[in-house]
Amino acid sequence: MPDRFAERLLEWYDQHGRHDLPWHHNRNAYRVWVSEIMLQQTQVTTVIPYFNAFMERFPDVHALAEAPEDDVLSHWSGLGYYARARNLQKAAKTVVADYAGDFPADQQQLESLTGIGRSTAAAIIAQAFGKRAAILDGNVKRVLARYHAVAGWPGQTSVLKTLWERAEQHTPHERVRDYTQAIMDLGAMVCTRTRPNCDTCPLKADCAAYTRGETTFYPGSKPKKAKPEKVTWMVILEDAQGRILLERRPPSGIWGGLWSLPELDPAFGADELQDACEQKLGLSCETPELISGFRHTFSHYHLHIQPARLLVRGAGAIGDNDNQRWLHRDEALSLGLPAPIRTLLTDAEQVALL
DNA sequence: CAACCGTGGTG
DNA sequence: TCACCAAGGTT
C-alpha cells in the first residue's frame, strides 16, 4: 500500500505550518545551525529573543569564531545547557579553520563538529541544504511513536532504533526542507504531549494510537528517579565601594564557564562563614547577613542555595584577574550569569536599598 | 547504558 | 508546590 504519510503531512503544513520563524528568514547554514543548537531541549518561544540578539551580535561564523568566550556566554545567559554555547564557538572555530568558513553539507562531517549529533546534523542538511536526511527530535518521536504504536520509552536503545527506522522510512525525496519543518510543527501544534488535537490531524486515519484510542500511552514515559538534595553557600562579598566579588566557574560541571558568586562548603556553619572567607578567600570580613535561601531544581537534583552578604574590610588579598572580578551589581548583571544568580543579585539589590 | 547538563511552562 | 518535560549531545 502506498505510504501517503509525507504527502498528507505536507498538505497540512502548507495550510497550518509555521513559515515565518526568525531562522526561516535569510536562511543559511550558519543561522540554521545556531537555531538548531538553541532549540535543543528548549522551546521555540524561549529561543526567539535569544536567536535575534545572537544574530545581531554574531551575524556570521567568523564573528562567532573571533569573539571572546565571555561574550558568547553572556548571550546564552538564561538559556541553560551552557556547554552548547562553548561547543558552538568551538565548532565555529573548526568551520573557519578546516572548511574556510563554509559548513559541510555532509552528515558525517557535520557530526564531527562538537555539539552536533545525528538529529541536528540531519536538520542542518535538510533545512539549510535541502538534501534528504531524517531527523528524530522530541516532536518526531512523539508523532512516530503514536502513528506506529511504538511502545516503550524513546530513551531506550531498542525503541530509539525502531523510531529512527520509521523516521528514515517516511522521509520523502522531494520537499525535504518542508517535510522536516512539517513533522516538527505537527508534533508541536497538533500531536502535543498532553491532549493532542487529533480532530485536526492529517494522519489520524492511519494513526495506530488514535485508531485504538490509546494516544496517551505513547510515547512511553521515562522511568522516574528520586532527585538528591544538595546544599551550598553563595556569598555576596561587598567591598567599601559597593562592589561584589564574582568568580568564573570551572569549564565543566553545572553552569560551566559562567560567572557566579563564590561558593562555600555547606559544612561551614553560619557562624563560621567569616572565618571561611578569611581562610579560603583571604578576605577580612564583617559579620555575615543571611539572606533568605531558596531551592533551585535542576534536571537531576535539587540545590538549596543559602546566600549570605559579607562586607569586606579594607583591601582584600583578592584582586581582579581572569577568574575573579570586583564589579558593581549593574556590571555583574551584564555578565553571563546563571538565571538564579541573576535573580538573587536583583533581589539583593532591593534588599540593599532598604 | 546511565549520568550529566538549565530553564521556563504546564497541569 | 511539584513532577514532568521540551527542536539532544557528551562523557
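Everything numeric here is computed off the predicted structure, so don't read it as measured data. The chains referred to below are lettered A, B, ... by the order of the sequence lines, with proteins before strands, and numbering in each begins at 1. What you see below is based on every heavy atom in this structure, not just the backbone, and it leaves out hydrogens, waters and symmetry mates.
Between A:Arg86 and B:dC5, a side-chain N or O to OP1/OP2 separation shorter than 4.0 Å is absent. A close approach under 4.0 Å does not occur between any side-chain nitrogen or oxygen of A:Lys222 and OP1 or OP2 of C:dC4. For the OP1/OP2 pair of C:dC4 and a distance below 4.0 Å, the side-chain nitrogens and oxygens of A:Ser221 include no atom meeting the criterion. Neither OP1 nor OP2 of B:dG6 sits under 4.0 Å from any side-chain N or O of A:His300. Considering only side-chain N and O atoms, A:Arg142 lies under 4.0 angstrom from the phosphate OP1 or OP2 of C:dA7. At least one side-chain nitrogen or oxygen of A:Tyr82 sits closer than 4.0 Å to the OP1 or OP2 atom of B:dT7. Look at A:Trp255 and you'll find a side-chain N or O under 4.0 angstrom from OP1 or OP2 of B:dT7.
Rounded to an integer number of Å, the gap from A:Leu79 CG to C:dA6 P is 17 Å. Atom CZ in A:Arg195 sits about 20 Å away from atom P in B:dG9, given to the nearest Å. The distance from atom CG of A:Leu258 to atom P of B:dT7 is 8 Å, rounded to the nearest whole Å. A:Arg84 places its CZ atom 10 Å from the C1' atom of B:dC5, with the value rounded to the nearest Å. Straight-line distance from the OH atom of A:Tyr301 to the C1' atom of B:dT7: 13 Å, rounded to whole Å. Straight-line distance from the CG atom of A:Leu144 to the P atom of C:dA7: 13 Å, rounded to whole Å. Computed from coordinates, the A:Leu160 CG to C:dG9 P distance equals 10 Å when rounded to whole Å. A:Leu136 places its CG atom 10 Å from the P atom of C:dG8, with the value rounded to the nearest Å.
When the nearest nucleotides of DNA chain C are assigned to A:Gln181 and A:Arg295 by heavy-atom distance, the more 5′-ward of the two goes with A:Arg295. Of the two residues near DNA chain B, A:Gly155 and A:Gly253, the one whose nearest nucleotide lies more 5' is A:Gly155. Nearest-nucleotide assignment on DNA chain C puts the 5′-proximal partner with A:Arg18, out of A:Asn87 and A:Arg18. The residue among A:Tyr81 and A:Trp153 whose nearest nucleotide of DNA chain B lies closer to the 5′ end is A:Trp153.
Each of C:dA3, C:dA6, B:dG6 was ranked by its minimum atom distance to the side chain of A:His302; first place goes to C:dA3. Candidate nucleotides B:dC5, C:dA6, C:dC5 were compared by shortest atom distance to the side chain of A:Gln43, and C:dA6 ranks first. The side chain of A:Phe298 has B:dG6 as its nearest neighbour among C:dA3, C:dA7, B:dG6. If you check C:dA6, C:dA7, B:dC5 against the side chain of A:Ile254, the one that comes closest is B:dC5. When the nucleotides B:dC5, B:dT7, B:dG6 are ranked by their closest atom to the side chain of A:Ala339, B:dT7 comes out on top.
Among the heavy atoms of the strands, none lies under 4.0 Å from A:Trp76. The residue A:Thr42 sits close to a base: some heavy atom pair falls under 4.0 Å. Among the heavy atoms of the strands lying under 4.0 Å from A:Val44 is at least one base atom, whether or not backbone atoms are also near. Note on A:Ile135: nothing from the nucleic acid sits closer than 4.0 angstrom, heavy atoms only. When heavy atoms are screened at a 4.0 angstrom cut-off, A:Lys227 is found touching no nucleic acid atom at all. Within 4.0 Å (heavy atoms only), A:Thr297 reaches at least one base atom of the nucleic acid. Contact annotation for A:Ser299: base contact, defined as any heavy-atom pair under 4.0 Å involving a base atom. Here A:Leu21 lies in heavy-atom contact (under 4.0 Å) with a base. Nucleic acid contact for A:Tyr50: none, since no nucleic acid atom lies under 4.0 Å from a heavy atom of the residue.
Side-chain atoms of A:Gln274 do not come within 3.5 Å of backbone N or O of A:Pro288 as any donor-acceptor pair. The backbone N or O of A:Arg248 sits nowhere less than 3.5 Å from a side-chain atom of A:Asn323 that would complete a donor-acceptor pair. Using modelled atom types, one side-chain atom of A:Arg31 and one backbone atom of A:His25 make a donor-acceptor pair closer than 3.5 Å.
Across the C1' atoms, B:dG8 and C:dT1 are found 16 Å apart, a figure rounded to whole Å. C:dA7 sits 24 Å from B:dC4 when the P atoms are compared, rounded to a whole Å.
At a cut-off of 3.5 Å, with distance as the only test, no side-chain donor of A:Glu36 or A:Gln40 sits close to an acceptor on the other residue. Side chains of A:Asn321 and A:Gln324: a donor on one and an acceptor on the other come within 3.5 Å.
Ring geometry, A:Phe103 versus A:Tyr30: the interplanar angle falls from 30° to 60°, so the pair is classed tilted. Ring planes of A:Phe51 and A:Trp23: perpendicular class, angle over 60° (limits at 30 and 60°).
Of the residues A:Phe5, A:Tyr218, A:Tyr210, the one that meets the ring-ring contact (aromatic ring centres under 6.0 Å, His included) test with A:Tyr147 is A:Phe5.
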